[in-house]
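In each ligand, atom 1 is the first atom listed, and ligand 1 is the first ligand listed.
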Amino acid sequence: MERTLVELLAAKRDGLMLAEAEIRHLITSFSEGALADYQMAAFLMAVFFRGLDDAETVALTEAMLHSGSVLDLAGVLGTKVDKHSTGGVGDKVSICLAPLVAACGVPVPMVSGRGLGHTGGTLDKLEAIPGFRTDMSTKDFARIVGEIGTCMIGQTKDIAPADKRIYALRDVTATVESIPLIVASILSKKLAEGIDGLVLDVKVGRGAFMKDEKRARELADKLVRVGTRAGKKVVAVLTRMDSPLGRTVGNANETREALEVLHGKGPADLVECTLVLGAEMLVLGGKAKDTTEARSVLRAAIASGAAVRVMEKMVAAQGGDAKVVADPSRLEVAKEIVEVRAPRAGFVSGIDALAVGLTGVAMGAGRTRADQKVDPAVGIELDAKPGDAVQVGQVVARLFVRSRSAADALVERISGAFSYDDVAPAPADLVIDRLSL
Ligand code: URA
């Protein structure tokens with residue numbers, strides 16, 4: 001005999017396994033209003049304590065995915081591959097990665113998010129380009145991916161609507177941290193893009209969603225297993241996020257920096273992160289036999305200008321001023337510059353990514369509530385990075401602000417994010433590990 005909805009909640013509360021059809025029934029009932037918010041909240045808490053095995057997590061992912069529509073990219077030739085990052089400070093990789101990978105022949109349909117809390121969002125950064133629209137229809141999205149190779153938009157209301165409601169409940173019931181719930185949330189939205197493959201950048205450290213490596217590894221492992229069982233080619237890379245990625249934190253300034261990468265410039269850690277993830281995408285997309293070959297294909301697409309050309313076409317197709325691609329300095333940054341100086345000589349031993357991210361939010365570059373607007377022009381530039389030798393009084397960071405009224409407090413916060421030592425810190429590799437099945 002079929003179990004009732006309340007019996008399904010009781011079964012998970014008691015640590016029993018639910019069948020695929022039972023999980024589908026719970027999500028469908030929730031979408032249709034037969035399962036109330038407070039009952040879903042009870043289910044989420046039961047999952048928080050009892051967990052979900054891989055089969056249950058696949059069922060939850062697919063039920064959430066099918067609560068909305070899956071984009072039809074059947075008309076786009078090739079193996080479509082996207083990247084998802086669990087979020088970090090200064091993480092502007094998507095902006096250079098999508099056109100770069102597309103320039104190498106792998107279509108990249110990318111649905112991105114907005115910044116919230118200390119981490120920024122790709123959509124906010126892209127919208128610093130005058131005229132750039134991220135609210136394209138799914139029809140235009142599919143057309144642009146087909147014609148240009150990539151398009152970057154925001155989540156539409158048709159993409160996994162159950163996830164949106166469930167996430168709002170998790171936020172107020174202290175159940176965000178459950179790994180199977182995170183996995184189903186991330187994958188349901190990504191699978192809705194109509195992709196064949198997915199590269200996950202699971203960030204670890206001070207500025208990451210997962211602060212410790214054990215939990216990040218658990219998340220990466222489950223993302224790979226569940227995504228693969230859901231029929232996709234999935235690779236996860238664990239990367240370090242103790243200090244900000246690159247030298248900029250903000251919106252216009254981060255987009256500038258990402259564009260520099262397409263011109264063969266940009267800071268070493270940002271270039272490396274882009275190449276590592278891009279190489280995995282090219283291998284999944286069948287355009288390189290291994291990551292060594294893939295890295296030279298990526299470098300060639302930068303050197304030939306092919307990646308810049310794809311970016312120009314994408315920006316134009318999305319209504320933006322494509323001239324900023326050739327000349328990133330056209331992107332407006334705030335005119336008032338406040339300098340932060342080293343209090344001592346020595347080596348920069350660390351820059352606390354969380355503190356820098358939160359300072360960016362305080363300056364107006366980010367938001368603490370989903371309905372807030374961000375200021376595209378304000379931001380932080382790091383003139384020194386971990387490992388750099390500095391003299392006393394040397395400028396280590398600059399803040400680009402609209403007015404100097406809160407400058408002292410901001411300087412204090414950014415100064416406090418830097419730590420120094422007499423000896424250079426041991427260099428830490430960006431990539432901690434790579435996981436695939
Ligand atoms: N990002 C998501 O999209 N969902 C989560 O649950 C956590 C991070």
May I ask you to check whether [X] and [Y] show a side-chain donor-acceptor distance below 3.5 Å?
{"X": "D91", "Y": "S85", "answer": "yes"}
{"X": "K203", "Y": "T86", "answer": "no"}
{"X": "K83", "Y": "S94", "answer": "yes"}

Closest protein heavy atom (residue, atom, distance) for atom 3 (O) of ligand 1
K189 NZ, 2.5 Å
Starting from atom 1 (N) of ligand 1, find the nearest protein heavy-atom neighbour and note its residue, name and distance.
I186 CG1, 3.9 Å
Numbered atoms and elements of ligand 1 in range of R170, under 4.0 angstrom, heavy atoms:
5 (C), 6 (O)
Which atoms of ligand 1 have any heavy atom of F209 under 4.0 Å away?
7 (C)
Under 4.5 Å between any side-chain heavy atoms of M152 and L126, yes or no?
yes
Is the shortest side-chain heavy-atom distance between D375 and V378 below 4.5 Å?
yes
Is Y167 close to ligand 1, meaning an N/O of one under 3.5 Å from an N/O of the other?
no
Among S85, A184, S185, which one has a heavy atom closest to atom 2 (C) of ligand 1?
S185
